[in-house]
Peer 1: 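Dropping a structure here in structure tokens format, bear with me for questions.
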Amino acid sequence: MTPRTPPRHIACIMDGNGRWAQHRGLERTHGHMAARASFEAILDSALEEKVEWLTLFAFSTENWSRPEEEVSFLVRFLAQHVIGREAQRMHKRGVRLRLLGGEDPRLPAEAVNRLREAEELTRDNTTLQLSLAFNYGGRQDLCEAARSLAAREVPAEQITTEVLARHMQLPELPDVDLLLRTGGEYRLSNFLLWHSAYAELVFLDVLWPDFRASHFRHAMELFHQRRRRFGNLGATDAADAYDRVGGAETADTVGATEAVAVGGRISPPGPTALLGLPTAIASQLGTTLRDGLRETARFALHQLTAESTKPERASRLP
Ligand code: IPE
Ligand code: IPE
Ligand code: MG
């Protein structure tokens, strides 16, 4: 099996507070209040998992379009009750708070001060970098970078992806490895557009106030089942082909694993080590082997199910 590389940067779109409250006949603001436990759950889980960076989407540049009452509640509540009250606890645990988002005259000075104080208090901590996307928009972040380049008159030929990244709001922010969204929506909503270019996307049906450590663990499991290739055809493909034939049983290979079980499992080592072949050939061989086994199993199962009274077993094949 491919060794588990922990995600360095997890980003989360914390969505579903309003619906959580509405389902209970409550005001939407109650959903935001109920989300404190979820904030603690994701922070504790990220610390436990030794994640280096955690970015939480707390308030988007588009959220200003919500009713004034909700906006004003959200901004104050986040700054004073979530970050303000959590600051000491975060500090004790080595969490460094980083603010990610534009300044805006609509943000109450008191709330901004609270956030800046927490940033200052935690500035020397190194265990976990918590970036709070507050009044944040991915397009605005890119636009600011372009402005900064123009303001410094950086020549066009010197503008590379690395240079542009250095002009973004938080230049140290690494690429996102795992992007998680709760609330059942399948979109980015203008979050970390640049940094999520190669993020693994995980969408969970749970509403954010119900999010707990078990949901985090589930997301991590899904992350570890993914094969990250970054546009490449790496050695992982050979391991991948091996895993799919006789190794790990993942959500998208349950059918294949089940099919192989009909003819007995293949034992390690994988095709590359076994045959001493170059990776690309071994990878191709692995894929051909898998497809061949799948076909054989499909045929065998077809024969079996033709006589059996359980036709649904065949339909579970990929
Ligand atoms: C996420 O929950 C919190 C913020 C956007 C600040 P929502 O308030 O969007 O809740 P739903 O999606 O309407 O349920
Ligand atoms: C995204 O959620 C913003 C935050 C979680 C802060 P929204 O609820 O604002 O996103 P849309 O409007 O459903 O896309
Ligand atoms: Mg929402």
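Counting starts at 1 for both ligands and their atoms, following the listed order. The first residue in the sequence is number 1, and the count goes up from there. Predicted model only: the values in this text are computed from it and were never measured. Computed from heavy atoms alone, side chains included, the values below leave out hydrogens, waters and symmetry copies.
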Peer 1: If you count the atoms of ligand 1 from 1 in the order shown, which ones are under 4.0 Å from a heavy atom of R28?
Peer 2: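 Ligand 1 atoms under the 4.0 Å threshold to R28: 7 (P), 8 (O), 10 (O), 13 (O).
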
Peer 1: With R187, which residues qualify under salt bridge (charged side-chain N to carboxylate O under 4.0 Å, His left out), at least two apart?
Peer 2: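 So R187 forms a salt bridge (charged side-chain N to carboxylate O under 4.0 Å, His left out) with E185.
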
Peer 1: Ligand 2: which protein N/O atoms lie under 3.5 Å from its N/O atoms?
Peer 2:
{"residue": "ligand 2", "atom": "8 (O)", "partner": "D15", "partner atom": "OD1", "Å": "3.2"}
{"residue": "ligand 2", "atom": "8 (O)", "partner": "R66", "partner atom": "NH2", "Å": "3.2"}
{"residue": "ligand 2", "atom": "9 (O)", "partner": "N63", "partner atom": "ND2", "Å": "2.9"}
{"residue": "ligand 2", "atom": "9 (O)", "partner": "R66", "partner atom": "NH2", "Å": "3.3"}
{"residue": "ligand 2", "atom": "10 (O)", "partner": "R181", "partner atom": "NH2", "Å": "3.3"}
{"residue": "ligand 2", "atom": "10 (O)", "partner": "S189", "partner atom": "OG", "Å": "3.3"}
{"residue": "ligand 2", "atom": "13 (O)", "partner": "R187", "partner atom": "NH2", "Å": "2.8"}
{"residue": "ligand 2", "atom": "14 (O)", "partner": "R187", "partner atom": "NE", "Å": "2.8"}
{"residue": "ligand 2", "atom": "14 (O)", "partner": "S189", "partner atom": "OG", "Å": "2.6"}

Peer 1: D124 and R96: salt bridge (charged side-chain N to carboxylate O under 4.0 Å, His left out), yes or no, with the steps?
Peer 2: CA-CA 7 Å; D124 296 324; R96 178 175 180 185; over 6 Å; no

Peer 1: Has E185 got an N, O or S atom lying less than 2.8 Å from the Mg ion (ligand 3)?
Peer 2: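 Given the 2.8 Å cut-off, E185 does not count as a ligand of the Mg ion (ligand 3).
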
Peer 1: For N17 and H32, which I'm curious about, is there any donor-acceptor pair between the side chains at under 3.5 Å?
Peer 2: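 Yes, a side-chain donor-acceptor pair sits under 3.5 Å.
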
Peer 1: Tell me which N, O or S atom of D15 sits nearest to the Mg ion (ligand 3).
Peer 2: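 Nearest to the Mg ion (ligand 3) within D15's N, O and S set: OD1.
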
Peer 1: Validate the cation-pi geometry between R66 and W64: distance from NZ or CZ to the six-membered ring centre under 6.0 Å, angle to the ring axis within 45°.
Peer 2: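 So R66 doesn't make the cation-pi contact.
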
Peer 1: Using every non-hydrogen atom in the two residues, find where P7 and M220 come nearest and quote the distance to one decimal.
Peer 2: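 Where P7 meets M220 most closely, the heavy atoms are CD-CE, 3.5 Å.
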
Peer 1: Show your reasoning for whether side chain to side chain contact (heavy atoms under 4.5 Å, CB included) applies to L54 and L128.
Peer 2: CA-CA 7 Å; L54 174 68; L128 171 71; 4.1 Å; yes

Peer 1: Could you tell me if the side chain of Y136 sits less than 4.5 Å from the side chain of F191, heavy atoms only?
Peer 2: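 A side-chain contact exists here, since the closest heavy-atom pair is under 4.5 Å.
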
